[in-house]
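See below for the structure under consideration.
Note: hydrogens, waters and symmetry copies are ignored here, and every other heavy atom, side chains too, is used.
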Amino acid sequence: MAVEYVPILIRLRSSNLDAQTPDKKFFDEAMLISDKRNGTAYLRYSDDDYDTWSTFLPLNTNLNAPKARRLGSSYRRAFELQHSEDTPFRAEALDILAEKGVQ
């Protein structure tokens with residue numbers, strides 16, 4: 001009898017991040033720290049308290065440091081990471097590289 005694997009939807013959502021400043025932030029990249037596995041995780045973000053979201057950006061989890069780049073600017077932002085394949089998935093962190101702009 002063959003073993004059948006079923007995908008499980010994993011959705012991780014951050015709180016609104018503002019880096020404790022009212023100034024605009026320019027988001028250069030988001031790097032997923034996770035186990036290296038075959039598959040894809042998807043990242044999106046919201047700049048309006050979870051009302052609307054960007055399109056999903058694919059992150060290849062087979063890479064050592066999958067990244068999404070050129071993520072625009074915002075005063076505060078929430079991120080959501082999603083994975084729904086029948087492969088193991090363990091995420092440790094989402095490292096955000098952002099620069100502070102002018103208020």
Side-chain angles (χ1 to χ4, degrees):
M1 177 187 258
V3 175
E4 184 177 327
Y5 294 98
V6 177
I8 297 174
L9 175 63
I10 298 168
R11 184 176 292 153
L12 306 169
R13 188 177 286 178
S14 76
S15 59
N16 280 309
L17 308 172
D18 65 2
Q20 299 177 351
T21 176
D23 297 335
K24 184 176 268 192
K25 275 68 76 188
F26 295 88
F27 294 87
D28 297 321
E29 71 179 30
M31 180 172 59
L32 177 62
I33 309 300
S34 68
D35 290 347
K36 185 177 173 183
R37 304 275 186 180
N38 287 333
T40 305
Y42 295 91
L43 179 70
R44 68 181 182 171
Y45 53 87
S46 173
D47 295 333
D48 57 6
D49 295 328
Y50 314 102
D51 284 336
T52 61
W53 292 89
S54 68
T55 58
F56 278 107
L57 304 167
L59 299 172
N60 181 349
T61 57
N62 195 33
L63 301 175
N64 284 330
K67 296 177 185 177
R69 292 192 168 102
R70 301 180 70 191
L71 301 174
S73 63
S74 178
Y75 290 97
R76 77 180 191 178
R77 177 171 284 180
F79 290 91
E80 183 177 271
L81 183 69
Q82 186 170 301
H83 184 270
S84 62
E85 296 183 7
D86 62 351
T87 57
F89 180 72
R90 182 172 59 177
E92 183 178 329
L94 185 65
D95 283 349
I96 308 298
L97 177 61
E99 297 179 33
K100 185 175 105 170
V102 181
Q103 186 174 10

Rounded distance [0.5 Å steps], OH in Y75 versus NZ in K24:
4.5 Å
Distance from D86 atom CG to I8 atom CD1, nearest 0.5 Å?
9.5 Å
So, for P7 and S84, which heavy atoms are closest and what is the spacing to 0.1 Å?
CB-O, 3.2 Å
Which value, rounded to the nearest 0.5 Å, describes the distance between E29 atom CD and I96 atom CD1?
9.0 Å
Check A68 against L59 and note the closest heavy-atom contact, atom names and distance.
N-CD2, 3.7 Å
Nearest heavy-atom pair of G101 and F26: which atoms, and what distance?
CA-CE1, 3.7 Å
Report yes or no: does S54 contribute a side-chain atom to a donor-acceptor pair with the main-chain N or O of Y45 at less than 3.5 Å?
yes
Taking atom CG of L9 as the centre, report whether more than 12 heavy atoms of other residues, nucleotides or ligands fall under 6.0 Å from it.
yes
I'd like to know if the side chain of E85 reaches the main chain of T40, judged simply by a donor and an acceptor atom lying under 3.5 Å from each other, with no hydrogens or angles considered.
yes
Salt-bridge criterion met for E99 and K25 (N-O under 4.0 Å):
no
Are L32 and T61 close enough that some pair of their side-chain heavy atoms sits under 4.5 Å apart?
yes
Please say yes or no: joined through hydrophobic side-chain contacts below 4.5 Å, possibly via intermediate residues, are L12 and Y50 part of one cluster?
no
Would N62 and K36 count as a side-chain contact (heavy atoms from CB on, under 4.5 Å) if you check the C-alpha gap in whole Å, the side-chain angles of each, and the deciding distance to 0.1 Å?
CA-CA 5 Å; N62 195 33; K36 185 177 173 183; 4.0 Å; yes
Is it true that L81 and L57 fall in one hydrophobic cluster, defined by side-chain heavy atoms closer than 4.5 Å?
yes
Using the rule that two of Ile, Leu, Val, Met, Phe, Trp, Tyr join whenever any of their side-chain heavy atoms come within less than 4.5 Å, decide whether L17 and M31 are in one cluster.
no
Within one Ile-Leu-Val-Met-Phe-Trp-Tyr cluster: L63 and L97, side-chain cutoff 4.5 Å:
no
Do S73 and F27 pass the side-chain contact (heavy atoms from CB on, under 4.5 Å) test, and can you show the C-alpha distance, the side-chain angles, and the key distance before you say yes or no?
CA-CA 6 Å; S73 63; F27 294 87; 5.6 Å; no
Do L94 and F56 belong together in a cluster built from hydrophobic side chains that touch within less than 4.5 Å?
no
Can the positive tip of R44 be found less than 6.0 Å from the middle of the six-membered ring of F79, inside 45° of the ring normal?
no
Sorted by chain and residue number, the ring pair (Phe, Tyr, Trp, His ring centres under 6.0 Å) partners of Y42 (sequence neighbours excluded) come out as none
Please examine the side chains of K100 and D23, heavy atoms only from C-beta on, and report whether any two atoms are closer than 4.5 Å.
yes
R76 and D49: salt bridge (Lys or Arg N to Asp or Glu O under 4.0 Å), yes or no, with the steps?
CA-CA 9 Å; R76 77 180 191 178; D49 295 328; 2.3 Å; yes
Any donor-acceptor pair under 3.5 Å from D35 side chain to R37 backbone:
no
